[in-house]
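What you see below is based on every heavy atom in this structure, not just the backbone, and it leaves out hydrogens, waters and symmetry mates.
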Amino acid sequence: MNNVALYRKYRPQEFEEVRGQDHVVKALQGALEQKHIGHAYLFTGGRGTGKTSVARIFARAVGTQDTDLYEIDAASNRGVDDARALRDAVATLPFNSPYKVYIIDEAHMLTKEASNALLKTLEEPPAHVIFILATTELHKILDTIVSRCEVHTFKQPTRQILKDHVATIAKKEGFTLEHAAGDLIALLAEGSFRDANGILQKILYASKDKKVSVKEVSLITSAPRGEYVNDIVLSLHTGDPKKGLDALQKASHEGVDMNVLSKLLLEKLRAVLLLRYAPDMKKQFGEEFLAEDITLLEECANAQPPHITSATLLRFLDVHTAISRAYLPHLPLELAIIDSTKK
């Protein structure tokens, strides 16, 4: 592997390479084909969903060369003086392109005064200028600015899209990922291509045999070991709180992120219910879990009477919300294990 960060190395360069944002790509390509190019666009969506990448692709598609492409970080250039300097700069003609394109990232960070100064430019922009604003917090953008932009909302990529994404990159780098390893990376990335690439890069640098297992991913990312989550599931299944509490204590001592443990636990409790009521989903879960996980989940799903029910899943959904507010992050999980294993 070279020293170029994976998120930069594999940043999409063409519309065809953009994943998970077909609705945005089709709209922009349609505008290009019909030559209906707006003067101001607003890209909104979660972090790492491809807003800046698509902005750059669109800029190239309208014929803008690098000398006429300007990227501005609004978090660092957020004052009214910066906005006024931008207003003065847009008046000059492009060097050798039909359009000058200004990509303003983190646009919600602009001060109110700067936003008002920018608004004046958006109201009567020069014909040779295109603005592309990008934000993760649309509600912080002035309504008057939003109304003058063509708004495109970027969706968070699904787990499957992220899983396929990291598997493809790993293969290009000469590595192979276990299905469960790719699924864990996708879960940890929380809907962000950039985070998925960052996690994958750490793991590939640490791998010694070009084959990445789910255990390696857990070790490098400090995600809980699979057996800890399984022990909690088994604890709920058998009604034995000690096994689950012991696993939770070990995970806590290892510095495991309780939010991540909670997510993995919810995934497996959900799988138990789905295997009980939709057993045909076993094949799908075979792509997400290890063989020993499937054996445990099937055992829990087929139990009569069932000990893991929809009420169990609802209880742990409440726990997941409570973890971020708890003084001791593991406490909500401990209480839920005890409550759910009462005879």
Side-chain angles (χ1 to χ4, degrees), residues 45-49 108 136-137 139-140 156-159 162 180-181 183-192 194-196 198-199 202-203 214-274 288-290 293 296-297 300 306-343:
R47 58 186 173 79
T49 51
H108 60 275
T136 55
E137 301 185 53
H139 63 281
K140 292 185 178 181
Q156 282 196 322
T158 64
R159 283 263 299 279
L162 285 175
D183 198 67
L184 179 54
I185 294 172
L187 180 139
L188 295 173
E190 297 186 324
S192 168
R194 184 166 57 245
D195 288 0
I199 294 168
K202 288 195 299 183
I203 293 162
V214 67
K215 290 184 178 180
E216 285 181 276
V217 177
S218 296
L219 179 65
I220 300 301
T221 63
S222 296
R225 300 181 192 178
E227 55 262 35
Y228 291 166
V229 181
N230 285 352
D231 281 350
I232 296 174
V233 172
L234 192 57
S235 172
L236 300 173
H237 171 58
T238 61
D240 173 19
K242 184 178 184 305
K243 192 174 189 65
L245 294 173
D246 286 346
L248 192 59
Q249 185 178 44
K250 290 176 184 176
S252 180
H253 286 167
E254 291 178 9
V256 165
D257 185 333
M258 289 297 138
N259 272 300
V260 175
L261 189 152
S262 176
K263 284 182 182 179
L264 294 173
L265 180 58
L266 287 171
E267 291 281 334
K268 288 186 175 178
L269 295 179
R270 168 181 174 269
V272 169
L273 294 183
L274 291 177
E288 300 176 15
F289 302 116
L290 298 175
D293 296 337
L296 171 62
L297 298 176
C300 297
H307 296 94
I308 295 175
T309 65
S310 57
T312 312
L313 184 55
L314 285 170
R315 179 72 174 88
F316 280 89
L317 278 171
D318 289 339
V319 165
H320 186 69
T321 304
I323 286 173
S324 61
R325 304 193 304 269
Y327 174 67
L328 299 173
H330 51 278
L331 180 57
L333 283 164
E334 288 174 338
L335 293 174
I337 291 171
I338 292 169
D339 290 344
S340 300
T341 52
K342 286 179 179 177
K343 297 294 185 181

Measuring only between side-chain heavy atoms, which start at C-beta, is His307 closer than 4.5 Å to Ser340? no
Report yes if some heavy atom in the side chain of Leu264 is under 4.5 Å from a heavy atom in the side chain of Leu184; otherwise report no. yes
Could you tell me if the side chain of Arg225 sits less than 4.5 Å from the side chain of Glu254, heavy atoms only? yes
Taken to the nearest 0.5 Å, the spacing of Ser222 OG from Leu261 CG works out to 12.5 Å
Return the OG to CG distance between Ser252 and Leu245, rounded to the nearest 0.5 Å. 12.0 Å
Contacts table for residues 327-338: side-chain donor-acceptor under 3.5 angstrom, sequence neighbours left out:
none

What pair of heavy atoms forms the shortest contact from Tyr228 to Ala247, and how long is it? O-CB, 3.6 Å
Between Val233 and Cys300, which heavy-atom pair has the shortest distance, and what is it? CG1-SG, 3.9 Å
Sequence-distant partners of Asp257, salt bridge (charged side-chain N to carboxylate O under 4.0 Å, His left out), two or more places apart: none
Do Val260 and Thr221 have side chains that approach each other closer than 4.5 Å (heavy atoms only, starting at C-beta)? no
Tell me the closest heavy-atom pair linking Thr341 and Pro241, and the distance in Å. OG1-CB, 3.2 Å
With distance as the sole test, does Ser235 use its side chain to make a donor-acceptor pair with the main-chain N or O of Asp240 at under 3.5 Å? yes
Minimum side-chain heavy-atom gap Thr238-Lys243 below 4.5 Å: no
Got a sec: does the NZ of Lys268 have more than 12 other heavy atoms crowding it under 6.0 Å? yes
When every non-hydrogen atom of Thr49 is compared with those of Gly45, the smallest separation belongs to OG1-C, 4.1 Å
So do the side chains of Thr312 and Thr309 get within less than 4.5 Å of each other, counting heavy atoms only? yes
Does any part of the side chain of Leu162, heavy atoms only, come nearer than 4.5 Å to the side chain of Ile185, both counted from C-beta? no
Taking atom CG of Leu269 and atom CZ of Arg315, what is their separation to the nearest 0.5 Å? 12.5 Å
Enter the distance from Glu288:CD to Asp293:CG here, rounded to the nearest 0.5 Å. 11.0 Å
If we ignore hydrogens and angles and just use 3.5 Å, is the side chain of Ser218 paired with the main-chain N or O of Val214 as donor and acceptor? yes
So which heavy atom on Ala180 is nearest to which on Leu290, and how close? CB-CD2, 4.0 Å
How close do Met258 and Ala251 get, heavy atom to heavy atom, and via which atoms? CE-C, 4.1 Å
For the atom pair NZ (Lys250) and CD (Glu227), what is the distance rounded to the nearest 0.5 Å? 8.5 Å
Rounded to the nearest 0.5 Å, the CG atom of Leu265 sits from the CG atom of Leu248 at a distance of 9.5 Å
